[in-house]
There are 2 protein chains.
Amino acid sequence: MAVSREQIVTRAIEHLNQAPAASMAEIAQAAGVHRATLHRHFATREELIVALGWRAHEAWQRVHDEIGLDAALRTGERVEETLHALLVAHIEVAEEHGFALTEHLVGINPELVRRAEELEAREIELIEACQRAGVLRADLPPRWVSNTVYGLLVAVRESLRRGDVARRDTSRLLLETFLRGTS
Amino acid sequence: MAVSREQIVTRAIEHLNQAPAASMAEIAQAAGVHRATLHRHFATREELIVALGWRAHEAWQRVHDEIGLDAALRTGERVEETLHALLVAHIEVAEEHGFALTEHLVGINPELVRRAEELEAREIELIEACQRAGVLRADLPPRWVSNTVYGLLVAVRESLRRGDVARRDTSRLLLETFLRGTS
DNA sequence: CGAAATTGCGACATCCTTGTCGCATTCTAT
DNA sequence: ATAGAATGCGACAAGGATGTCGCAATTTCG
């Protein structure tokens, strides 16, 4: 059967997760499609990368939807549960779209950058709400806390890659470490 | 005056920190040396990258020396101070040799990988010693804790790059977050 | 001062990647 | 069944990066 455009994106993401510097030829092969066909869907490499970026951002947005981030920000209620749900959900997304954690090519597209900033801003709002509610300590800059989440996701990714921890332990380790630290 | 081999390595590191995908031509220019001369010092790109890797590992080893990691491991004393010193020192090294945090090319050289594992093993020993001494909680896998440090260094790097935190605050933020978490 | 080593410089070949095209084949939908 | 669209395939050109070389100029060192 034919390989849809969406499938190509999916498989490209999978492959780029393992070989971040893969060429268009490699990606095409991994997607089960001829190189020319890949170019018919995405005229240039950058176009493909940007498409992957959008896919990742859609998943990110879906996370925000599913955990009810908007409602929490509006009402100021259930911020703690929302924060926990956000962290756990991030693990899944980061595992699948982790390439975006490193891929600097995504940072080229202005719209994508703006979208990322919007999404990040919402999470920072949540962090601030948690600080006001006493769920998170207020003496740490919100943006630092946000970057901490990012860094710990990198740690999760690395731990899984090296086989240091079991997948089912990652939620607990991330939450515990993020919230209570290591001492 | 002539540019020594060591200077080339230093400047190459500086430049690759800002442009991780720089070509040999770019690196040569940044080092103030003709491209042919760069190739006379390092026949191939991989050879250069490996040299940068060794440089980074030397700095890493020096950190272990300066904080007296060996003595702490042997005697089991002052493990807490040693841990703190290690974290703070890592910030400096990570800032200078941060490219190695991402650079996958370093992972090609077997000797370099082995050296990194040795150095990492010593830090894990320290973590375990801290757990035995009650300085670190014992319910987290030592390797996870080690990866946490790595992840938080990524967070520091990112925070500085984006201007989210002041340089002089990084030590405090890293220590606080690592030890006591965010809640 | 003079020989040896090092560097700058430009040229060259090679390889890899990217992007495009024409054509034959296959699939799809009417 | 058949027309139109999508795909596979191979070839091509262009561009960039890598690595090498010879030669002239410069530096270094005895």
Side-chain angles (χ1 to χ4, degrees), chain A residues 1-56 99-100 102-113, chain B residues 1-56 98-100 102-112:
Chain A
M1 195 175 67
V3 180
S4 75
R5 185 184 165 99
E6 292 309 306
Q7 278 178 313
I8 292 179
V9 171
T10 302
R11 297 179 188 177
I13 287 177
E14 287 171 9
H15 189 253
L16 282 177
N17 266 331
Q18 298 184 342
S23 68
M24 291 293 272
E26 268 182 82
I27 297 173
Q29 192 176 6
V33 144
H34 194 271
R35 197 168 68 90
T37 303
L38 180 59
H39 270 101
R40 285 184 190 110
H41 283 289
F42 309 95
T44 144
R45 183 179 220 281
E46 186 177 334
E47 201 173 303
L48 171 62
I49 299 293
V50 169
L52 307 195
W54 282 116
R55 168 71 69 86
F99 75 98
T102 324
E103 193 66 56
H104 294 274
L105 299 180
V106 175
I108 294 176
N109 188 283
E111 287 185 69
L112 219 38
V113 170
Chain B
M1 195 177 66
V3 180
S4 73
R5 184 184 165 101
E6 292 308 307
Q7 278 177 313
I8 292 179
V9 171
T10 302
R11 296 179 188 178
I13 287 177
E14 287 171 10
H15 189 254
L16 282 177
N17 266 332
Q18 298 184 342
S23 68
M24 291 293 273
E26 269 183 83
I27 297 173
Q29 192 176 5
V33 143
H34 195 271
R35 197 168 68 89
T37 304
L38 179 59
H39 270 101
R40 286 183 189 111
H41 283 290
F42 309 95
T44 144
R45 182 177 222 279
E46 186 177 333
E47 200 173 304
L48 171 63
I49 299 293
V50 168
L52 307 195
W54 282 114
R55 167 70 70 86
F99 75 97
T102 324
E103 192 66 56
H104 295 273
L105 300 179
V106 175
I108 294 177
N109 188 285
E111 287 186 68
L112 218 39

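Lettering follows sequence order; numbering is per chain, from 1.
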Checklist entry - After noting the C-alpha distance and the side-chain angles of A/Glu47 and A/His41, does the key distance pass the side chain to side chain contact (heavy atoms under 4.5 Å, CB included) rule? => result CA-CA 9 Å; A/Glu47 201 173 303; A/His41 283 289; over 6 Å; no
Separation of [X] atom [atom1] from [N] atom [atom2], in whole Å?
| X | N | atom1 | atom2 | answer |
| --- | --- | --- | --- | --- |
| A/Gln29 | C/dT17 | CD | P | 12 Å |
| B/His41 | D/dT20 | NE2 | P | 15 Å |
| B/Glu47 | D/dG19 | CD | C1' | 12 Å |
| A/Glu46 | C/dT17 | CD | P | 19 Å |
| A/His34 | C/dG22 | NE2 | P | 16 Å |
| A/Arg5 | D/dA5 | CZ | P | 18 Å |

Item to check | Earlier contact from the 5' end, DNA chain C, for A/Phe42 and B/Leu38 | outcome: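 Per heavy-atom nearest nucleotide, the more 5' residue is B/Leu38.
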Next on the checklist: Side chain of B/Ser23, heavy atoms from C-beta onward: which of C/dG22, C/dG8, D/dT18 has the nearest atom to it?
Outcome noted: D/dT18
Could you check whether any side-chain heavy atom of [X] comes within less than 4.5 Å of a side-chain heavy atom of [Y], counting everything from C-beta outward?
| X | Y | answer |
| --- | --- | --- |
| A/Arg11 | A/Val33 | no |
| B/Phe42 | B/Val9 | yes |
| A/Ile49 | A/Asn109 | no |

Regarding [N], can its base be found pairing with the side chain of [X] as donor and acceptor, where the two atoms are less than 3.5 Å apart?
| X | N | answer |
| --- | --- | --- |
| B/Arg40 | D/dG19 | no |
| A/Arg45 | D/dG15 | no |
| A/Arg35 | C/dG19 | yes |

Item to check | Any A/His39 side-chain nitrogen or oxygen under 4.0 Å from OP1 or OP2 of C/dC21 | outcome: no
Next on the checklist: At 4.0 Å (heavy atoms only), tell me whether B/Ala36 reaches a base, stays on the sugar-phosphate, or touches nothing.
Outcome noted: base
